[in-house]
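Written below as structure tokens is the structure these notes are about.
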Amino acid sequence: MNSEVRRAAQILRAGGLVAFPTETVYGLGADAASEKAVSRLYAVKGRPERHPVIVHFENAEKAFAWARDVPEGARKLAARFWPGPLTMILKRSALAQDFVTGGEDTVGLRVPSHPVAHALLAAFGGALAAPSANRFGLVSPTTAAHVREDLGADVDLVLEGGPSEVGIESTIVDLSGAEPVLLRPGHISKDELKAVLGMEISEKTKTSPRHPGGMERHYAPRTPARLVPSYGLDKAIAEMNARVAVLAFSRPDERVDYWLRMPREPQAYAQRLYAALRELDTAGCELILVEAPPETPEWAAVRDRLRRACGTA
Ligand code: TXA
Ligand code: MG
């Protein structure tokens with residue numbers, strides 16, 4: 001085993017914080033069984049207390065030990081999508097204490113596929129509470145450098161694992177109730193979940209409880225950002241009298257100070273999205289204009305993150 005991973009596992013056992021790569025975004029990990037470690041995690045993130053955090057495991061068997069009721073659908077989803085970018089909300093067992101569930105009677109479980117995350121979870125042996133490794137409310141990190149920029153010396157170790165492949169946070173499905181509910185869209189689509197479960201999945205309502213991903217301007221850059229339909233982009237640029245940065249599918253326009261061109265394919269777009277928002281955020285502009293992606297199902301997860309970045313969720 002890699003000595004860096006071994007050192008990381010030791011830090012976690014001692015109640016420390018380790019940032020690590022996952023296939024979605026980088027996570028900030030703490031021993032999910034230690035109240036002290038988790039409360040330090042919340043303090044470093046600047047996250048309000050009583051927000052539930054996702055718990056990460058080496059495999060499905062270890063994950064399901066944290067649930068007291070594992071419905072057939074959860075087993076099917078695990079067999080199909082774990083390890084991978086899917087989080088399931090299930091009724092908790094006694095292992096999932098209030099300080100990770102935010103006092104809810106449910107727990108969020110995830111088995112990541114990134115080899116470094118897997119090696120870390122195997123070396124540590126236990127469960128890792130891990131939100132994205134950024135300060136609360138800001139854009140999630142997709143490289144180790146992003147983590148260092150955001151958290152600096154507040155984290156004991158940052159494991160390197162290259163740029164995250166998926167680029168946006170895991171799909172979250174709640175299986176703790178009578179019917180499955182999609183709480184957060186992601187790389188694994190609602191239709192893929194539906195196909196495996198063989199039943200309809202409803203979508204989160206505005207009133208669903210304590211879900212920071214459901215708060216406005218979560219995942220947001222510091223610079224104000226605005227979503228603009230493709231047909232309105234030219235007009236929006238013409239009307240601007242401030243320094244503006246643009247995130248778009250189309251070619252750069254010379255009236256614009258800073259232009260980032262994005263792929264027309266949703267997976268490639270998602271992979272680049274957070275690094276792009278960070279780059280535009282440091283471009284010294286007063287406004288970020290974002291060309292809206294198509295209103296089709298394959299863009300659902302990207303649209304969700306863009307709406308939040310623009311405070312229009
Ligand atoms: O891709 C990901 O899921 C990343 C990587 C690091 O694994 N993690 C991540 O964690 O996005 P975090 O804590 O930033 O977002 C977790 C989301 C939050 O919106 C939280 O409210 C929700 O999952 N969540 C966790 N446990 C929950 C529960 N018991 N009930 C409802 N929502 C829950
Ligand atoms: Mg987050």
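Just so you know, ligand 1 is whichever comes first in the structure, and atom 1 is the first atom listed for that ligand.
- Across Leu77, Ile188, Val181, Thr87, a single residue satisfies side-chain contact (heavy atoms from CB on, under 4.5 Å) together with Val173, and that is Leu77.
- Of all atoms in ligand 1, numbered sequentially from 1 with element shown, those under 4.0 Å from a heavy atom of Ala130 are 6 (C), 8 (N), 10 (O).
- The option with the heavy atom closest to atom 29 (N) of ligand 1, from among Thr106, Thr24, Ile54, Ile172, is Thr106.
- No hydrogens or angles considered: nothing links the side chains of Glu169 and Thr24 as a donor-acceptor pair under 3.5 Å.
- Residue Arg184 touches ligand 1 through its side chain alone, judged by heavy-atom distances below 4.0 Å.
- For atom 6 (C) of ligand 1, the nearest non-hydrogen atom from the set Pro141, Gly27, Pro52, Ser176 comes from Gly27.
- Of the residues listed (Ile89, Val107, Val53), the one engaging Thr101 in a side-chain contact (heavy atoms from CB on, under 4.5 Å) is Val107, and it is the only one.
- Checked against a 3.5 angstrom limit, the closest N/O atoms of Arg110 and ligand 1 fall inside it.
- Ligand-side atoms of ligand 1 in range of Val107: 29 (N), range being under 4.0 angstrom from any heavy atom.
- Taking backbone and side-chain atoms together, Ser132 has an N/O/S atom less than 2.8 Å away from the Mg ion (ligand 2).
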Checklist entry - Step by step, would you call Arg75 with Glu61 a salt bridge (charged side-chain N to carboxylate O under 4.0 Å, His left out)? => result CA-CA 10 Å; Arg75 293 195 192 280; Glu61 192 191 334; over 6 Å; no

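- Under the 4.5 Å side-chain criterion, counting only non-hydrogen atoms from C-beta, Arg261 is not in contact with Ser250.
- Only the side chain of His56 comes within contact range of ligand 1, with a heavy atom under 4.0 Å; no backbone atom does.
- Of the listed residues (Pro112, Ser170, Ala129, Ala96), the one carrying the non-hydrogen atom nearest atom 3 (O) of ligand 1 is Ser170.
- The one candidate from Asn134, Leu138, Thr142 that meets the side-chain contact (heavy atoms from CB on, under 4.5 Å) condition with Tyr274 is Thr142.
- Nearest residue to atom 4 (C) of ligand 1 from Val25, Val111, Leu41 is Val25 (criterion: closest heavy atom).
- In the hydrophobic clustering of ILVMFWY residues, with side-chain heavy atoms under 4.5 Å counting as a link, Leu260 and Leu306 come out together.
- Proximity of Arg47 to ligand 1, defined as any heavy-atom pair under 4.0 Å, is confined to the side chain (atoms from C-beta onward).
- A salt bridge links Arg148 with Glu160: the closest approach of a Lys/Arg side-chain nitrogen to an acidic carboxylate oxygen falls below 4.0 angstrom.
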